[in-house]
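To keep things clear, I will list the structure first and then write my remarks on it.
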Amino acid sequence: MSSLPLLWKLKRKLNIGSEKKLKEAIEVVDNVVMETIGQRRKEMATTTTGLTNQTCYLDSIGFIEDDKYLRDIVISFLSM
């Protein structure tokens, strides 16, 4: 059991195996969420009311200006 943390740290440092897959998966999720945020911001900018009839988590927090902060909130919401 004592070698497992060392193996994990080595895999993480060298970016191999499951750590590489995890990093790639995180990048994919990050890109999808950032694209969705951009699309929703464009939709909100083009509508006169700012909110659409669709129920969306982004509508309720559309006042947040920082996209990275908003991304973190959305990812936290999705991981629940």
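Computed from a prediction, not measured in an experiment: that's the story for all the values here. Along the sequence shown, residues are numbered consecutively beginning with 1.
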Q) In chain order, what residues pass the salt bridge (Lys or Arg N to Asp or Glu O under 4.0 Å) check against D67, with sequence neighbours excluded? A)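 D67: salt bridge (Lys or Arg N to Asp or Glu O under 4.0 Å) contacts with R41.
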**Q.** Of N31, V29, D30, the residue whose pairing with V33 passes side chain to side chain contact (heavy atoms under 4.5 Å, CB included)
**A.**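 Looking at N31, V29, D30, the match for V33 under the side chain to side chain contact (heavy atoms under 4.5 Å, CB included) is V29.
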Q | Residues that K23 engages under side chain to side chain donor-acceptor pair (under 3.5 Å), provided they are two or more places apart | A |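 Listed in chain order: nothing, the list is empty.
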(Q) Applying a strict under-4.5 Å side-chain criterion to I, L, V, M, F, W and Y, I'd like to know whether V32 and I75 cluster together. (A)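 V32 and I75: separate clusters.
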What distance separates [X] [atom1] from [Y] [atom2], expressed to the nearest 0.5 Å?
X   : Y   : atom1 : atom2 : result
L14 : K9  : CG    : NZ    : 14.0 Å
I73 : K68 : CD1   : NZ    : 15.0 Å
K21 : I16 : NZ    : CD1   : 12.0 Å

Q | R12 atom CZ, over 12 foreign heavy atoms within 6.0 Å | A |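 No, because the 6.0 Å sphere around CZ of R12 holds 12 heavy atoms or fewer from other groups.
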(Q) So which atom in G17 and which in K11 form the shortest heavy-atom distance, rounded to 0.1 Å? (A)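 G17 and K11 have their closest heavy atoms at CA-CE, 4.4 Å.
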Q. Hey, does V74 have a side-chain heavy atom less than 4.5 Å from the side chain of L78?
A.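 L78 reaches V74 side chain to side chain.
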Q) Taking the side chain as C-beta and beyond, is there a heavy-atom pair between E24 and K20 under 4.5 Å? A)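 In short, these two side chains touch, coming nearer than 4.5 Å.
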